[in-house]
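Single-structure report; data block below.
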Protein chains: 2
Amino acid sequence: MAGVQTHERPSKVLKYEIVAAGIRALISASLAPHDALPSERDLMASYGVSRMTVRAAIAKLADEGRVYNIRGSGTFVGSITSFTRTPKLTSFTEDMTNRGFIASSKTLAVARIEADEEIAGHLAIPVGTECTHMRRLRLADINPMAIEDVYLPTSVVAIESLRLDESLYAQLAATGHEVYRAEEDIRAINLTPGDSRLLDVPDGSAALQVERVGSSRKGQLVEFARTIYRADRYNFHFVVTRETNET
Amino acid sequence: MAGVQTHERPSKVLKYEIVAAGIRALISASLAPHDALPSERDLMASYGVSRMTVRAAIAKLADEGRVYNIRGSGTFVGSITSFTRTPKLTSFTEDMTNRGFIASSKTLAVARIEADEEIAGHLAIPVGTECTHMRRLRLADINPMAIEDVYLPTSVVAIESLRLDESLYAQLAATGHEVYRAEEDIRAINLTPGDSRLLDVPDGSAALQVERVGSSRKGQLVEFARTIYRADRYNFHFVVTRETNET
DNA sequence: AAGTGGTCTAGACCACCGC
DNA sequence: CGGTGGTCTAGACCACTTC
């Protein structure tokens, strides 16, 4: 039997997704940035749904940065440009695809290790727990983009069953450990001499480090990953808004 | 009775804010990370509100990273630690307050300049347009935290009317140019010798650079700001989730 | 004054989880 | 199976912006 498959779509068609798709189409077909969308009440009538459904659709589009609301005035098309990265959970391959690159990898090391204090702390497991460690050089269009170290408890993925030629996330999903939620920590670092060579930049160059602790839909901690991106090739770009808060 | 006048904004008390505050208090009083919250239906009864109001409160807490939902199972307390910075639009002072520091500033330069190509591009104005430039060293508890350069078209704020001892954002808001939405670009850089000295770190140290283009409610571009943070003192920490995508 | 988005009610059915 | 969060309806009043 060829190829492990992830679950097909028993997914129900959500009404607010239909409305959102319709609005997306409307925007790309006939609206320019800062143009007004039809009012929520108009959209209710157009799609034959309740107002809450319309608002759920607009909320999703706003989250994507495609539209924004002005109270008392209307909903308007945003001015998203290229190279946007809303803070959503994506795999490296998806991220590169979104940025217009072709992703590839070179596996540098795969090993069975015992969790040190840092890894154990992030994954909430006892120090010394057996883990699978994978170190990969990540490429975008054949050029070095990042170095990624991933640590997973052996109970999640054993090293023997790991297939290096397949997406790690797909393998996790296939075994019921889909990474659904993660906490990310982003900071700037100076590269070590070894990492500088791998990324083909001068020693001591700045780099963007993203640490991620990923958990499954059920809340189980699945992976700890540290990814170090070339500073000259990688950035985050997103929209922030002012909210009436706060404590 | 005679009307009591205050300078406070007569902000309406929102029900979902009350519920959210109650849940926040419950969490800090008696719940540990990954403990379950009362169910939404229980919260409805406790606060005497509809389910949608409860869900609005929980949605806000989830946005803050304080709780997370598991379908079919419940809502649980998140594991956010210190030094969190959700990607919201904040002033430097607010940001530092959230992180537990006391913010202060030292103005390094204020000048009238003509927009170069970069600034003009960000603010969508012709090259050579008159702008106000302000350069400040930002401190957290007396320690250098960041260097900030802000550029504003003179039509938004003229240098003569700028008061250095007052919040820039407050002055902008007072003249109808409140920054309420912004696009941010985050990347890692190596500090220049001059900036290294200002931030009191070794020459060539890595730093986190945040560029921001802020716009008013009406979509007018108001400011271009570049803030360079000490890498050892500043990071972003936020929660990301996997969402139904379809692009 | 009219129209907009923001909040809120009081119900309902569904998909999913753990027992 | 009962309980949970996810979606959805059909209304309502409010605060705000624009005319």
Side-chain angles (χ1 to χ4, degrees), chain A residues 7-20 23 34-63 67-78 176 178 180-181 216-220 241-245, chain B residues 9-21 23 34-63 67-78 176 178 180-181 216-220 241-244:
Chain A
H7 280 84
E8 266 318 304
R9 42 184 54 79
S11 57
K12 174 134 188 246
V13 180
L14 302 179
K15 286 194 179 181
Y16 75 82
E17 289 286 3
I18 295 174
V19 177
I23 296 174
H34 308 300
D35 281 356
L37 258 60
S39 77
E40 295 181 352
R41 288 161 181 88
D42 286 348
L43 292 166
M44 285 172 64
S46 301
Y47 290 91
V49 298
S50 76
R51 182 141 171 244
M52 189 199 148
T53 303
V54 169
R55 285 181 62 76
I58 289 176
K60 179 152 199 251
L61 296 174
D63 191 53
V67 306
Y68 59 94
N69 308 104
I70 297 182
R71 183 199 201 93
S73 182
T75 302
F76 302 86
V77 179
E178 182 202 13
Y180 175 75
R181 181 175 177 274
S216 71
R217 238 170 247 273
K218 295 171 195 163
Q220 186 193 357
T241 58
R242 187 94 183 142
E243 289 199 341
T244 51
N245 284 344
Chain B
R9 199 202 318 279
S11 59
K12 174 112 188 270
V13 180
L14 302 179
K15 286 194 179 180
Y16 75 82
E17 289 286 4
I18 295 174
V19 177
I23 296 173
H34 308 299
D35 281 357
L37 258 62
S39 76
E40 296 181 351
R41 286 159 181 89
D42 285 349
L43 291 166
M44 285 172 64
S46 300
Y47 290 91
V49 298
S50 76
R51 179 136 173 248
M52 189 197 149
T53 302
V54 170
R55 286 181 61 76
I58 289 176
K60 182 157 196 241
L61 296 174
D63 191 53
V67 305
Y68 60 94
N69 308 106
I70 298 181
R71 184 200 199 95
S73 183
T75 302
F76 302 85
V77 179
E178 182 201 12
Y180 99 110
R181 184 171 180 274
S216 72
R217 287 177 185 281
K218 294 171 191 166
Q220 186 193 357
T241 58
R242 188 102 183 135
E243 288 200 343
T244 56

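Labels below follow one simple rule: chain letters A, B, ... track the order of the sequence lines, proteins then strands, and each chain is numbered from 1. Note that the coordinates shown come from a computational prediction; the quantities given were computed from them, not determined experimentally.
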Sequence-distant partners of [X], side-chain contact (heavy atoms from CB on, under 4.5 Å), two or more places apart:
X      : value
A:S216 : A:K218, A:Q220, A:V222
B:L14  : B:K12, B:Y16, B:E17
A:E178 : A:A173, A:R217, B:R242

**Message:** Going by salt bridge (charged side-chain N to carboxylate O under 4.0 Å, His left out), name the residues that satisfy it together with B:R71, two or more places apart in sequence or in a different chain.
**Reply:** none
List every contact pair, protein side and nucleotides 5-9 of chain D side both N or O, where the distance is under 3.5 Å.
from  : atom 1 : to    : atom 2 : distance (Å)
D:dG5 : OP1    : B:T75 : N      : 3.4
D:dG5 : OP1    : B:T75 : OG1    : 3.3
D:dG5 : OP2    : B:E40 : N      : 2.9
D:dG5 : N7     : B:R41 : NH1    : 3.0
D:dG5 : N7     : B:R51 : NH2    : 3.3
D:dG5 : O6     : B:R41 : NH2    : 3.1
D:dG6 : OP2    : B:R55 : NH1    : 2.9
D:dG6 : OP2    : B:R55 : NH2    : 3.2
D:dG6 : N7     : B:R51 : NH2    : 2.8
D:dG6 : O6     : B:R51 : NH1    : 3.1
D:dT7 : OP1    : A:Y16 : OH     : 3.0
D:dC8 : OP1    : A:K15 : N      : 2.5
D:dC8 : OP2    : A:Y16 : N      : 3.3
D:dT9 : OP1    : A:K15 : NZ     : 3.0
D:dT9 : OP2    : A:S50 : N      : 2.8
D:dT9 : OP2    : A:S50 : OG     : 2.8
D:dT9 : OP2    : A:T53 : OG1    : 2.5

Measure the distance from [atom1] on [X] to [atom2] on [N] and round it to the nearest whole Å.
X      : N      : atom1 : atom2 : value
A:Q220 : C:dC17 : CD    : C1'   : 16 Å
A:M44  : C:dT4  : CE    : C1'   : 14 Å
A:E178 : C:dC16 : CD    : C1'   : 14 Å

Solution key, residues 41-49 of chain A side-chain donor-acceptor pairs under 3.5 Å, sequence neighbours excluded:
from  : atom 1 : to    : atom 2 : distance (Å)
A:S46 : OG     : A:D42 : O      : 3.0

